[in-house]
Visitor: 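This is the structure I have questions about; it appears just below.
Each chain gets a letter, A, B and so on, in the order the sequences are listed, and its residues count up from 1.
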2 protein chains.
Amino acid sequence: MQPNFTVAEENHIKAIYHLQQLSGKVFTNDLAAALETRPASVTDMLKKLKAKKILHYEPYQGFYLNSEGKKIALGIIRKHRLWEYFLVEKLHFGWDEVHEVAEQLEHINSKKLIDKLDAFLDYPRFDPHGDPIPDSNGKMAAQQQVNLTQLDVNQQAEICAVASQARGLLELLKHSNIGIGTKLEIKRRFGFDQSVEITIKNQQTMMLSHQVAQALFVKII
Amino acid sequence: MQPNFTVAEENHIKAIYHLQQLSGKVFTNDLAAALETRPASVTDMLKKLKAKKILHYEPYQGFYLNSEGKKIALGIIRKHRLWEYFLVEKLHFGWDEVHEVAEQLEHINSKKLIDKLDAFLDYPRFDPHGDPIPDSNGKMAAQQQVNLTQLDVNQQAEICAVASQARGLLELLKHSNIGIGTKLEIKRRFGFDQSVEITIKNQQTMMLSHQVAQALFVKII
DNA sequence: TAAAAAATTTAGATTTGTCTAAATTCATTT
DNA sequence: AAATGAATTTAGACAAATCTAAATTTTTTA
């Protein structure tokens with residue numbers, strides 16, 4: 001039987017998972033920044049997660065979830081993404097307003113609930129941001145997505161995921177009429193600041209900063 | 001703006017609300033028993049709720065929610081019962097297995113979520129146990145229900161609510177094939193232990209103890 | 001490679017929610 | 001009306017999750 005984890009522990013586990021996907025190993029300051037907490041608080045939590053045997057951790061040397069820890073992280077991510085799908089598809093939330101609520105719902109503890117929710121939603125494979133939803137065994141589809149910064153001029157693409165959940169970004173995108181499913185074409189690149197000019201829906205032209213372009217993942221059409 | 005309440009505070013508020021519905025005033029030991037906690041812990045919490053101005057409380061004299069407190073309690077009850085309805089109607093949970101999950105879901109904090117859920121469920125007025133669901137203003141339909149202990153011999157009735165959420169009771173009822181909607185007739189009463197003999201669905205006859213009968217609410221047919 | 005800077009951990013404190021044991025207050029009863 | 005007993009509160013403790021400030025370790029750099 002899996003031990004129970006507190007909400008604080010689960011939040012740390014999920015954030016470690018996402019960070020270690022990028023580079024394999026995670027460091028105290030980065031995790032503290034991601035969780036908007038302090039490095040000292042992270043250290044405290046690392047000791048607890050190590051004691052619960054889900055984390056490789058040597059003081060000063062970084063840390064990462066072991067396979068048990070990754071399983072737990074995938075369970076939380078499964079819940080988060082299924083709830084997001086539910087909120088958008090059934091309750092008609094906008095895709096940009098589900099994150100906060102899903103952050104709460106992901107901590108509800110009931111395997112039966114989540115498996116029945118999965119069935120009710122007809123086993124969706126991607127959430128409203130285009131991220132794959134793990135199945136009840138932790139398996140999920142690969143993202144076949146390309147970062148917008150990697151496209152060539154004149155290439156056409158459709159946005160299928162927004163990588164960052166940062167509040168300001170979602171506002172900017174909404175203001176610019178950019179969302180999941182938006183079709184666009186790369187018009188020009190500026191080496192100076194790595195910004196990019198795009199046309200959306202074959203009419204409106206706009207500039208995106210490198211930071212914004214980096215957060216956008218697309219399928220090439 | 002309503003202040004935020006912790007999960008522990010919300011659990012106390014809800015339990016106080018239910019107890020004060022019975023007799024107007026609530027006492028420390030009773031609340032401790034209802035929450036399966038200790039009287040000293042209850043006293044601590046009472047001070048916090050009084051400081052937040054939602055509770056009338058004089059040491060040693062009992063306590064009760066003021067109108068602000070009742071509003072908050074009704075908000076929690078609204079969430080609990082809407083989620084129960086969702087679990088039974090949409091996810092096909094049994095009516096007797098939703099309580100624990102709803103106890104968690106009732107603490108999710110998002111007015112938008114709960115109002116959208118309400119709309120999605122088409123504004124149900126009663127939960128799967130027959131209890132009325134408060135609307136977004138805290139109004140709810142009256143229960144037109146009678147306790148099974150109050151029926152006369154030969155009266156027929158239909159079960160529409162189970163008052164106690166106690167685990168053992170639900171098991172007993174399930175075992176005995178008694179649930180919401182079960183039609184029954186009072187056959188005999190025994191003054192000795194106040195037990196009652198009933199026939200369900202015009203065939204199976206059984207005895208119910210006073211404790212069980214007290215937990216059952218019915219509509220007279 | 002020694003000093004400075006950065007990253008991390010430790011030490012000690014705070015808040016929340018709980019507990020036990022002891023003290024206090026209230027109610028009952030002779 | 002004093003004594004007993006029940007109910008309640010107070011006092012003091014603890015675990016979880018956080019924090020700040022100081023100490024330590026690692027990394028960088030001059």
Visitor: Does any part of the side chain of A/His210, heavy atoms only, come nearer than 4.5 Å to the side chain of A/Asp193, both counted from C-beta?
Guide: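 Contact flag for A/Asp193/A/His210 side chains = no.
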Visitor: Whole Å only: how far is the CG atom of B/Asp44 from the P atom of D/dC14?
Guide: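 Rounded to the whole Å, the gap is 16 Å.
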Visitor: In whole angstrom, what separates A/Phe5's CZ from D/dA15's P?
Guide: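 Taking atom P of D/dA15 as the reference, CZ of A/Phe5 is at 20 Å.
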Visitor: Please give, in whole Å, the distance from C/dT8 C1' to A/Phe63 CZ?
Guide: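 Those two atoms, CZ and C1', are 10 Å apart.
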Visitor: With heavy-atom distances below 4.5 Å as the criterion, would you say the side chains of A/Glu106 and A/Glu84 are in contact?
Guide: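 Contact flag for A/Glu106/A/Glu84 side chains = no.
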Visitor: In whole Å, I'd like the distance from the CE atom of B/Met45 to the C1' atom of C/dC19.
Guide: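 Taking CE of B/Met45 and C1' of C/dC19, I get 14 Å after rounding.
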Visitor: Counting only side-chain heavy atoms from C-beta out, which of C/dC26, D/dA17, C/dT9 sits nearest to A/Thr6?
Guide: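 Closest nucleotide among those given: D/dA17.
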Visitor: Find the distance between CE (A/Met45) and CG (A/Asn11) and round it off to the nearest 0.5 Å.
Guide: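 Output value for this atom pair is 8.5 Å.
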Visitor: B/Glu58 has an atom CD; how far is it from atom C1' of C/dT25, in whole Å?
Guide: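 Interatomic distance, CD of B/Glu58 to C1' of C/dT25: 14 Å.
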Visitor: Do any side-chain nitrogens or oxygens of A/Thr43 fall under 4.0 Å of OP1 or OP2 in C/dT10?
Guide: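 No, outside the criterion.
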Visitor: Would you say A/Lys47 reaches C/dT9's phosphate, i.e. side-chain N/O to OP1/OP2 under 4.0 Å?
Guide: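 Result: no.
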Visitor: Within a radius of less than 6.0 Å around CD of B/Glu97, do more than 12 heavy atoms belonging to other residues, nucleotides or ligands occur?
Guide: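 More than 12 heavy atoms, drawn from other residues, nucleotides or ligands, come within 6.0 Å of this atom.
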Visitor: Expressed in angstrom and rounded to an integer, what is the separation of B/Leu46 atom CG from C/dG17 atom P?
Guide: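 About 13 Å, once rounded to whole Å.
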Visitor: D/dA17, C/dC26, C/dT8: which one has an atom nearest the side-chain heavy atoms of B/Tyr60?
Guide: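 Minimum distance to the B/Tyr60 side chain belongs to C/dC26.
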Visitor: Taking the side chain from B/Arg78 and the backbone from B/Asn137, do they hold a donor-acceptor pair closer than 3.5 Å?
Guide: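 No, B/Arg78 side chain to B/Asn137 backbone: no donor-acceptor pair under 3.5 Å.
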Visitor: How are the rings of A/Tyr64 and A/His56 set to each other: parallel, tilted or perpendicular (split at 30° and 60°)?
Guide: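 Aromatic pair A/Tyr64/A/His56 classed parallel.
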Visitor: Heavy atoms only: give me the nearest A/Lys14-A/Ile76 pair and the separation to one decimal.
Guide: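 A/Lys14 and A/Ile76 have their closest heavy atoms at CD-CG2, 3.9 Å.
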Visitor: Could you check which residues of residues 18-41 of chain A get a heavy atom under 4.0 Å from DNA chain D? Sort them by number, please.
Guide: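 Listed by number, they are A/Thr37, A/Arg38, A/Ala40, A/Ser41.
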Visitor: Take atom CD of B/Gln61 and atom P of C/dT24, then tell me their distance rounded to the nearest Å.
Guide: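 These atoms are roughly 18 Å apart.
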Visitor: Whether B/Lys48 contacts C/dT15 is assessed here as follows: a side-chain N or O lying under 4.0 Å from the phosphate OP1 or OP2. Is that the case?
Guide: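 False: B/Lys48 side-chain N/O out of range (4.0 Å or more) of C/dT15 OP1/OP2.
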Visitor: With heavy atoms under 4.0 Å as the rule, sort A/Tyr57 into base, sugar-phosphate or nothing.
Guide: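 It contacts sugar-phosphate atoms only.
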